[in-house]
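Report on one structure; see the data block that follows.
What's counted below: heavy atoms across the whole structure, side chains too, no hydrogens, waters or symmetry copies. A, B, ... follow the sequence lines: proteins, then strands. Residue 1 opens every chain.
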Number of protein chains: 2
Amino acid sequence: MASRRTYRLLCPIARALDRVGDRWTLLILRDLHAGPARFTELQQGLPGLASNLLTSRLRQLQDDGLVRHEPGQHGTQLYELTKEGDATAPLLYALGNYGSRFEPADDIRRPGNLRTIVVNLRESLRRVVVPEDDAHVELVVDGESFAVRIEGGGVTVRYQADPEAPASIAMDYEPLIDVVDGRMPPDRFMAEHVVVTGSQRAAMAYFAVVGRTLTAEG
Amino acid sequence: MASRRTYRLLCPIARALDRVGDRWTLLILRDLHAGPARFTELQQGLPGLASNLLTSRLRQLQDDGLVRHEPGQHGTQLYELTKEGDATAPLLYALGNYGSRFEPADDIRRPGNLRTIVVNLRESLRRVVVPEDDAHVELVVDGESFAVRIEGGGVTVRYQADPEAPASIAMDYEPLIDVVDGRMPPDRFMAEHVVVTGSQRAAMAYFAVVGRTLTAEG
DNA sequence: CGGGATCCGTTACGATACTG
DNA sequence: CAGTATCGTAACGGATCCCG
């Protein structure tokens, strides 16, 4: 029983799809790149995903070694990526990069959740960062905070507030997606949709790096 | 009717999956990267894919602008990638790269077909080639030929014979996958599974480039 | 024979309800 | 909160049939 539907082809692409090709699976992984999450958090961020399916997908991901299930702090359960699961980052980046060439349908305004930002932003920054770059800011998107640090050629993005960051950069999700997708010019985005508080210098250091991701080839 | 199942999320990853996330779709695209193909060719290379599903997938891909359908030479029909479809190459490369970390099940020996080689090989080479590289060989895998040219920093791989290539390099598919996946050391692969005919120098020029793809980070 | 369309049984998905 | 159970619907897979 439960003999999963697989392609059974001797091709690396087919073998990857046997692990991550089912409906919802890549979106679950996408959200887990923002850090460990509970069952209910995942479900809330993925509207339309039934609880039984989420159970099934998480079990599959655990069987394949992409996700680990650990008891959390006070009786809670947390799902988190294993090393194998974390290695899906370049794949998700390529997917997001490809998807940005298609306009969203007019009536779609739901981010689903903001965890989606982490893997895209982190991988984008990683591809343009140089060892000399140095930035530390808090990003606030639709009121939710992300801690971004760039130093020594490395990039970390966490889905959590960062009161110690010298600058805070606030924006809404929808214009952010518009500029990432290339539908809004960066200068207009900066002028109309971004609010910086705190150190302007710190914010500029961040913008210098993130600006490179926009001009870099798709 | 036909109101497709979509995620309806304002996230580039979800939008990509709305186009290429259905079962078989990415494998069909994979094969089309080797060049235009007929309905039956595609079906033969994808064991288990029913003809009605292939029809449905091809129609979807056309509606989304990834595939074009043109009357071929003598009454035949050819499906080929559009520019948007061709842009899935980095995505398929990332998938293949990720899939190579999972061992195939013991009883899987079917390549499905050899078109699968083209997009993987081409994208791998493109990532390591430098303008000084210059190579021209014919690859023969399980008896089927691929023309490989590297020059001026560009790479082309075609699924066709190339009698004018100064060197021909023959191998079987299964050991090729083993070395790509990292289960077989390259030197053993070269010693036991590769047969070069023609110019040794031309073959060496190719091996110099392809060797870099194996040591390059996954 | 290539290029599908039709039919039908099986599996997967999606929504809701329910439980420890 | 974190799932399990149930059930109707949609998608898939295999076979057969049709048409130029």
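Close to D/dG13, at under 4.0 Å from its OP1 or OP2, lies no side-chain N or O of A/Tyr7. The phosphate of D/dT4 (OP1 or OP2) has a side-chain N or O of A/Arg59 nearer than 4.0 angstrom. For the OP1/OP2 pair of D/dC1 and a distance below 4.0 Å, the side-chain nitrogens and oxygens of A/Thr40 include no atom meeting the criterion. For D/dC12, one of the phosphate oxygens OP1 or OP2 lies less than 4.0 angstrom from a side-chain nitrogen or oxygen of B/Arg57. For A/Trp24, no side-chain nitrogen or oxygen approaches OP1 or OP2 of C/dA12 to under 4.0 Å. Phosphate contact (OP1/OP2 of D/dG13, side-chain N/O of A/Arg5, threshold under 4.0 Å): present.
Distance from the side chain of A/Asp22 is smallest for C/dC13 among the nucleotides C/dG4, C/dC13, D/dG3. If you check D/dG3, C/dG4, C/dG2 against the side chain of A/Thr55, the one that comes closest is D/dG3.
Comparing A/Ser51 and A/Arg23, the nucleotide of DNA chain C nearest to each residue sits closer to the 5' end for A/Arg23.
Straight-line distance from the CZ atom of A/Arg38 to the P atom of D/dC1: 7 Å, rounded to whole Å. Taking atom CZ of A/Arg8 as the reference point, atom C1' of D/dG13 lies 16 Å away to the nearest angstrom. Put simply, NE2 on A/His69 is 8 Å from P on D/dA2, counting in whole angstrom units. Distance, B/Gln44 CD to C/dC1 P: 12 Å, rounded to whole Å. Between B/Leu54 atom CG and D/dA15 atom P the separation is 17 Å, expressed in whole Å. We find that CG of B/Leu78 is positioned 12 Å from C1' of C/dG2, with the value rounded to whole Å. Here D/dG3 presents its C1' atom at 9 Å from CD of A/Gln43, a figure rounded to the nearest Å.
A salt bridge links A/Arg4 to A/Asp64: at least one charged side-chain nitrogen sits closer than 4.0 Å to a carboxylate oxygen.
For the residue pair B/Thr88 / B/His33, a side-chain donor-acceptor distance below 3.5 Å is found, with atom types taken as modelled. Between the side chains of A/Asp162 and A/His136, at least one donor N or O lies within less than 3.5 Å of an accepting N or O.
Ring-plane geometry between B/Phe39 and B/Tyr79 is classed as tilted, the angle between the planes lying from 30 to 60 degrees on a 0 to 90 degree scale. A parallel orientation is assigned to the rings of A/Phe189 and A/His193, their planes being inclined by less than 30° (bins at 30° and 60°).
Judged by distance alone with a 3.5 Å cut-off, no donor-acceptor contact links the side chain of B/Asn52 to the base of C/dG3.
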